[in-house]
Asker: 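Take this structure, written in C-alpha cells, and hold onto it; I'll ask about it next.
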Amino acid sequence: MRLPLALRNAVAGLATATLVVLGPAAPAAAATTIVDNAAGFTASASWGTSAWSTQRYGADYRFASPDTTASDAAWFTATIAAAGPHTVEVWYPADAGYNNATPFVVAASGGNQTVVVNQRANGGRWVSLGTFTLAAGTRNVVGVSRWTNGTGYVVADAIRLTSTTGAPAFSLPLAKSALPRSEYDDPHHDYPAIDLPVGTGTPAYAVRGGTVVIIDDSSCGRGVNLTGADGNVYTYCHFSSWSVSNGATVVAGQQVGLTGNTGNSTGPHLHFGIRTGSTRRCPQNYLLALYDGLTPPAATSLPTTGCFYTSLTSATVQPLG
C-alpha cells in the first residue's frame, strides 16, 4: 500500500528523529563473461537450433527433449581468470511448451551443483542460479541437462559469469538515481517497513549477500525473502517479475527482481522490510546509511516503532513469510 504524498509529508517527522548512520562501504568493479550458444558451446546431435522466440539471446538458441535415462548435457565453456566466487546467471526464452524443471549444472570447484529452473517463466532476461566458487582456467562451467521429469523442451541459450571477489558488502535496494534521499525516511502504513515509489520494471537489488526464497501470494504479490549472512530477513514485495530462482545464493548489489504492482498494492512501488527473528524493524535508518555510502547499523539495533502511521490500524500487514 502507498499513502498520498500529502499524508506522508505530514508525518515524516515520525521517522526522522532517530536516524543514525555508521562506517563506510563502497562498491567494487566486477569481471563479467558472457558465453552464447556458439563459440564455447558443445552439444550432441540431439540438440536442435531455433530462432523462433524473440526472447532469445543473440541469433538463436538450442533445445532438446527431456530424457529420463541420460543427462546428455549441453555445456558452456568459459575462461575463469582468477579462482573465487562468481555469480552464475542464465538466459533463455520462456514458453508454455518449454520445460518446467530444467537442470542447470554448475561445475563449481567443490564439485558439480545442480539448480532446477522453470523455463516457462522469467524468459528474455538474466536469471541467477546463485553464487559459486569457480576454479581458474578454461573448462566447461555450466551445463544444461536433459535428465528431468519435467515436460517440454529444455533450452540452452547463454550464460553470464560475474566475479564477486571484492564485491561490496551492502547495496541500496534500488539504484541511487531511482529516488531522492528524502524518500528513504518516509513512514510506512501501520507496521515497521517502507514503501519506495518507483515505476513498474525498476530493478531491485539485494541489500546484502544471502539466500533468497520466492514469495508469491495475494498480499506481498511477487517478491522474495532474502536471508542475509547475518541471519536477518530482508523482504521485497510487489515485483512484476523475479530475477533469481528460488533458493539462489546472491551477493550484495545483485538484481533480485523488477518492481511492480502485484499483490495488495494500490500503485507501483517496492515494499521493503527487515526482520530479526520474528521482530519487524524500521528499515529507514538502514537505507539512509546505504544512500549516504555508509555501513548500515546492525539490524538488531534498528527501532521497532516511530516509522509508521499508527493511526491506520486497519491496514493489511504483510505476512512474515
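No hydrogens, no waters, no symmetry mates; every other heavy atom, side chains included, goes into these values.
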Asker: Between Y61 and Y98, how do the two ring planes meet: parallel, tilted or perpendicular, split at 30° and 60°?
Answerer: perpendicular
Asker: With a 4.5 Å cut-off on side-chain heavy-atom distances among I, L, V, M, F, W and Y, is there a chain of contacts connecting V144 to W147?
Answerer: no
Asker: Test W47 against V154 for side-chain contact (heavy atoms from CB on, under 4.5 Å), laying out the working first.
Answerer: CA-CA 9 Å; W47 287 80; V154 295; 3.6 Å; yes
Asker: Does any non-hydrogen side-chain atom of R62 lie less than 4.5 Å from one of S50?
Answerer: no
Asker: On the 0 to 90° scale, with breaks at 30° and 60°, tag the H189-Y191 ring pair as parallel, tilted or perpendicular.
Answerer: perpendicular
Asker: Do E183 and P197 have side chains that approach each other closer than 4.5 Å (heavy atoms only, starting at C-beta)?
Answerer: yes
Asker: For T151, is there any backbone N or O sitting under 3.5 Å from a side-chain donor or acceptor partner on N100?
Answerer: yes
Asker: Might you point out which heavy atoms bring A206 and Y236 nearest each other, and give the distance in Å?
Answerer: CA-OH, 3.4 Å
Asker: Hey, is OH on Y153 packed in by over 12 heavy atoms from elsewhere, all under 6.0 Å?
Answerer: no
Asker: Counting only N and O atoms by type, is there a donor-acceptor contact under 3.5 Å from the side chain of T259 to the main-chain atoms of G199?
Answerer: yes
Asker: Just to verify, which of N232, V233, T227 counts as forming a side-chain contact (heavy atoms from CB on, under 4.5 Å) with R275?
Answerer: V233
Asker: So, does R222 use its side chain to make a donor-acceptor pair with the main chain of S240 at under 3.5 Å?
Answerer: yes
Asker: With a 4.5 Å cut-off on side-chain heavy-atom distances among I, L, V, M, F, W and Y, is there a chain of contacts connecting V251 to F170?
Answerer: no
Asker: Could you check T114 against N112 for side-chain contact (heavy atoms from CB on, under 4.5 Å), going step by step and ending with a plain yes or no?
Answerer: CA-CA 7 Å; T114 301; N112 288 355; 5.7 Å; no
Asker: If we ignore angles and hydrogens, is there a donor and acceptor under 3.5 Å between the side chains of T249 and T131?
Answerer: no
Asker: I would like to know whether T276 and T300 meet side chain to side chain donor-acceptor pair (under 3.5 Å); could you show each step before the answer?
Answerer: CA-CA 6 Å; T276 59; T300 53; over 6 Å; no
Asker: T32 and side-chain contact (heavy atoms from CB on, under 4.5 Å): which partner among T87, T162, L161?
Answerer: T162
Asker: Any side-chain donor-acceptor pair under 3.5 Å between D217 and S219?
Answerer: no
Asker: Report yes or no: do Y205 and I194 belong to one cluster of Ile/Leu/Val/Met/Phe/Trp/Tyr joined by side chain heavy-atom distances under 4.5 Å?
Answerer: no
Asker: Determine yes or no for a side-chain-to-main-chain donor-acceptor pair under 3.5 angstrom, with R160 supplying the side chain and V90 the backbone.
Answerer: no
Asker: Taking all atoms of both residues into account, what is the closest heavy-atom pair of T148 and A101, and its distance?
Answerer: OG1-O, 2.7 Å
Asker: N246 and V213: side-chain contact (heavy atoms from CB on, under 4.5 Å), yes or no, with the steps?
Answerer: CA-CA 5 Å; N246 190 51; V213 174; 3.7 Å; yes
Asker: I would like to know whether I159 and I34 meet side-chain contact (heavy atoms from CB on, under 4.5 Å); could you show each step before the answer?
Answerer: CA-CA 6 Å; I159 66 165; I34 294 176; over 6 Å; no
Asker: Between H271 and H269 (side chain of the first, backbone of the second, donor and acceptor by atom type, cut-off under 3.5 Å), is there such a pair?
Answerer: no
Asker: Quick one: does any side-chain atom of T133 pair with a main-chain N or O of P85 as donor and acceptor, under 3.5 Å?
Answerer: no
Asker: Under a 3.5 Å cutoff, is there a donor and acceptor pairing between the side chains of Q119 and T102?
Answerer: yes
Asker: Is there a donor-acceptor contact under 3.5 Å from the side chain of R281 to the main chain of T304?
Answerer: no
Asker: Using side-chain heavy atoms (C-beta onward) and a distance below 4.5 Å, is R208 in contact with D230?
Answerer: yes
Asker: Do I80 and F132 share a hydrophobic cluster (ILVMFWY, side-chain heavy atoms under 4.5 Å, transitive)?
Answerer: yes
Asker: Roughly how far apart are F308 CZ and R280 CZ, rounded to 0.5 Å?
Answerer: 10.5 Å
Asker: Step by step, would you call D60 with T49 a side chain to side chain donor-acceptor pair (under 3.5 Å)?
Answerer: CA-CA 7 Å; D60 53 35; T49 302; 5.4 Å; no
Asker: Do the non-hydrogen side-chain atoms of V88 and Q113 ever get within less than 4.5 Å of each other?
Answerer: no
Asker: So that I can tick it off, tell me whether D292 and R181 are bridged by a salt bridge, with the cut-off set at under 4.0 angstrom between side-chain N and carboxylate O.
Answerer: yes
Asker: So, applying ring-ring contact (aromatic ring centres under 6.0 Å, His included) with W126, which one of Y92, Y57, W242 is it?
Answerer: Y57
Asker: Give the cluster check for V207 versus L172: same hydrophobic cluster or not, with ILVMFWY residues linked at side-chain heavy-atom distances below 4.5 Å.
Answerer: yes
Asker: Is there side-chain contact between I274 and Y286, with at least one heavy-atom pair below 4.5 Å?
Answerer: yes
Asker: A side-chain contact here means heavy atoms from C-beta on lying under 4.5 Å apart; do P268 and T200 qualify?
Answerer: yes
Asker: For the residue pair N140 and T77, confirm or rule out a side-chain donor-acceptor distance under 3.5 Å.
Answerer: yes
Asker: Taking S265 for its side chain and T262 for its backbone only, find out whether a donor-acceptor pair lies under 3.5 Å.
Answerer: no
Asker: Is it true that R56 and D157 have a side-chain N and a carboxylate O under 4.0 angstrom from each other?
Answerer: no
Asker: Side chains of Y184 and L290, heavy atoms from C-beta outward: is any pair under 4.5 Å?
Answerer: no
Asker: Give a yes or no answer on whether the side chain of Q254 reaches the backbone of G130 with a donor-acceptor pair at less than 3.5 Å.
Answerer: no
Asker: Side-chain contact, heavy-atom cut-off 4.5 Å: L179 with V198?
Answerer: yes
Asker: Looking at every non-hydrogen atom in both residues, tell me the closest pair between A169 and A252 and how far apart they are.
Answerer: O-CB, 3.5 Å
Asker: For the pair H86 (side chain) and G84 (backbone), establish whether a donor and an acceptor sit closer than 3.5 Å, ignoring hydrogens and angles.
Answerer: yes
